[in-house]
Peer 1: 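I'd like to ask some things about the structure below.
Heavy atoms only: backbone and side chains are in, while hydrogens, waters and symmetry mates are out. Please read all numbers here as calculations on a predicted model, not as lab measurements.
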There are 2 protein chains.
Amino acid sequence: MSGRREEILDAALAIADERGLEAVSMRALAERVGVTPMALYRHVKDKAALLDGMVGRLLSALLPTDGADGGDGVLSGEEPTWDQRLDALAHACRAVTQRHPWAAHLLFSRPAVTPDAVRAVDIIYLALVEAGVPESEVPRLERLISTFVIGFAASEASGRFTPGALDPRGRRGQLPAGELPGHSRVGRWLDLPVDLTAEFEADLADIRRMVVGAAARGGE
Amino acid sequence: MSGRREEILDAALAIADERGLEAVSMRALAERVGVTPMALYRHVKDKAALLDGMVGRLLSALLPTDGADGGDGVLSGEEPTWDQRLDALAHACRAVTQRHPWAAHLLFSRPAVTPDAVRAVDIIYLALVEAGVPESEVPRLERLISTFVIGFAASEASGRFTPGALDPRGRRGQLPAGELPGHSRVGRWLDLPVDLTAEFEADLADIRRMVVGAAARGGE
DNA sequence: ACCTGAACACCGTTCAAGT
DNA sequence: ACCTGAACACCGTTCAAGT
């Protein structure tokens, strides 16, 4: 209802995609929608509410569509297992922040209280219960997993994982090797380009093992 | 050298601590320092560079001070083990963002290329090597661990972990229970207040187990 | 070297007024 | 209901000028 609001939010998304989040001003948005800046306040309480609305719109794209494949290509001939559903959600999250890098930060700052965000949490709860995690541990593990997944997405989107993009020799150029024994030990592995898709997969595998471990330990 | 720059950065930290990050403007900072806004540009290239300088200043507080206890109270009678050093760094990171909630976000956005940031990464590298993690896996696990720790800190600082602060019934009030089978299953555990200190400890224990597992699996 | 004053091109938001 | 115009109190930054 009131498609006007969605129209405004989508215009804001478009500006952010094209020119970055800081280009999203009430004035620029108003111009794009073809209206005076003040008219926006009919449909959006605040600039903060505008940002909330923008992430809300993205989150709805993150959820598995009803009766479809869960978001990562596992067709629904058979029911996906708990780890497939977890993976699907994680990949959907990363896909969103790859398409909209500016959004990664907002996922951390804006509390996840929209209905779609709650639904995403619910999917993780169910997956963990099905994995055999004791119910008392489920909320903690949900927070751990979502924190890591959103953190990975935000790190990738902000370039935190690839500081070498600016300077090929990367980080350790600035300090004498003697002060960095860890870097010396790891040595050549630091010079390889990082395949973040493979790394994300390996991370999710580690998290899967962690969930299985928590289930195996049971109550204690 | 040029203590003037540090003086300016510290004034910026003070403003952020007192009135939030968005109160840190070149004009407000100039006034606090007792100078015209333009004078700041002698000591700081940009507003972006100012923010970088602010996190840089915080990061130096995060590192174990030379010859001291590693940051979390383990006295240096005996050398701390790898997991104690990891824990110390994690707790130091959380302590920083608890003292300076506005900083959590910057830790994600500003690439960690300052000497102090590199030193922190080096500590993690060394700890992982000592834990027996294969060297090819060390950089990935460092990124996984730092992503989680910074993510936890940022989530806590931004209130992502406590949406119930606004509405005691929290998140699921908005949706019919039938649509949230996961929440129903977990049930009463959702109504308890969250002890984030205990949760952080439990999370670090899980991460420790993950590191041990990676070491045990070895090359493959 | 270090600082200033004036100016430019922006912001979010309030408020009274229009239809 | 929905939109407008003018205004307020801000921004970051450039540029020429001062000492």
Peer 1: Around B:Glu31, counting heavy atoms of other residues, nucleotides and ligands shown, do more than 12 lie under 6.0 Å from its CD?
Peer 2: no

Peer 1: For A:Ser25, which contact category applies under a 4.0 Å heavy-atom criterion: base, sugar-phosphate, or nothing?
Peer 2: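 Sugar-phosphate: the residue A:Ser25, judged by heavy atoms under 4.0 Å, touches backbone atoms but no base.
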
Peer 1: Could you give the CG-to-P distance, from B:Leu21 to D:dG12, as a whole number of Å?
Peer 2: 11 Å

Peer 1: Rounded to the nearest Å, what distance is computed from the NZ atom of residue B:Lys47 to the C1' atom of nucleotide C:dC11?
Peer 2: 12 Å

Peer 1: Could you say whether A:Gly34 or A:Arg27 is positioned toward the 5' end of DNA chain D, judged by the nucleotide with the nearest heavy atom to each?
Peer 2: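 That would be A:Gly34.
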
Peer 1: Do the ring planes of A:His105 and B:Phe108 sit parallel (below 30°), tilted (30 to 60°) or perpendicular (above 60°)?
Peer 2: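 Ring orientation of A:His105 relative to B:Phe108: perpendicular.
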
Peer 1: Has A:Arg5 got a side-chain N or O lying under 4.0 Å from the OP1 or OP2 atom of D:dC2?
Peer 2: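 False: A:Arg5 side-chain N/O out of range (4.0 Å or more) of D:dC2 OP1/OP2.
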
Peer 1: Who does C:dA16 pair with, Watson-Crick or G-U, both distances under 3.5 Å?
Peer 2: D:dT4

Peer 1: Taking atom C1' in both D:dC3 and C:dC15, what distance in whole Å separates the two?
Peer 2: 14 Å

Peer 1: Can you check the B:Met38 CE to D:dT14 P distance for me, whole Å?
Peer 2: 10 Å

Peer 1: Using whole Å, what does the distance between atom C1' of nucleotide C:dA1 and atom CG of B:Leu40 come to?
Peer 2: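 These atoms are roughly 16 Å apart.
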
Peer 1: When you look at B:Leu128 and B:Glu137, which way does the side-chain contact (heavy atoms from CB on, under 4.5 Å) test go after all the steps?
Peer 2: CA-CA 9 Å; B:Leu128 294 175; B:Glu137 287 271 85; over 6 Å; no

Peer 1: Would you confirm whether B:Arg85, through its side chain, and B:Pro80, through its main-chain N or O, come within 3.5 Å as a donor-acceptor pair?
Peer 2: yes

Peer 1: Rounded to whole Å, please give me the gap between CG in A:Leu29 and P in C:dT13.
Peer 2: 12 Å

Peer 1: In whole angstroms, how far is the C1' atom of D:dT13 from the CG atom of B:Leu50?
Peer 2: 14 Å

Peer 1: Using only side-chain N and O atoms of B:His43, determine if any of them is under 4.0 Å from OP1 or OP2 of C:dC2.
Peer 2: no

Peer 1: What nucleotide, of D:dC2, D:dT4, D:dC11, holds the atom closest to the side chain of A:Arg42?
Peer 2: D:dC2

Peer 1: Nearest to the side chain of B:Tyr41 - D:dC3, C:dT4, D:dG12?
Peer 2: D:dG12

Peer 1: Using whole Å, what does the distance between atom P of nucleotide D:dG12 and atom CG of B:Asp46 come to?
Peer 2: 11 Å

Peer 1: Would you kindly compare B:Thr36 and A:Ala23 by the position of their nearest DNA chain C nucleotide and give the one closer to the 5′ end?
Peer 2: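 The answer here is B:Thr36.
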
Peer 1: Are the side chain of B:Arg185 and the backbone N or O of A:Leu126 linked by a donor-acceptor pair below 3.5 Å?
Peer 2: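 A pair under 3.5 Å: no.
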
Peer 1: With a non-hydrogen cut-off below 4.0 angstrom, is B:Met26 in contact with a base, only sugar-phosphate, or nothing?
Peer 2: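 It contacts sugar-phosphate atoms only.
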
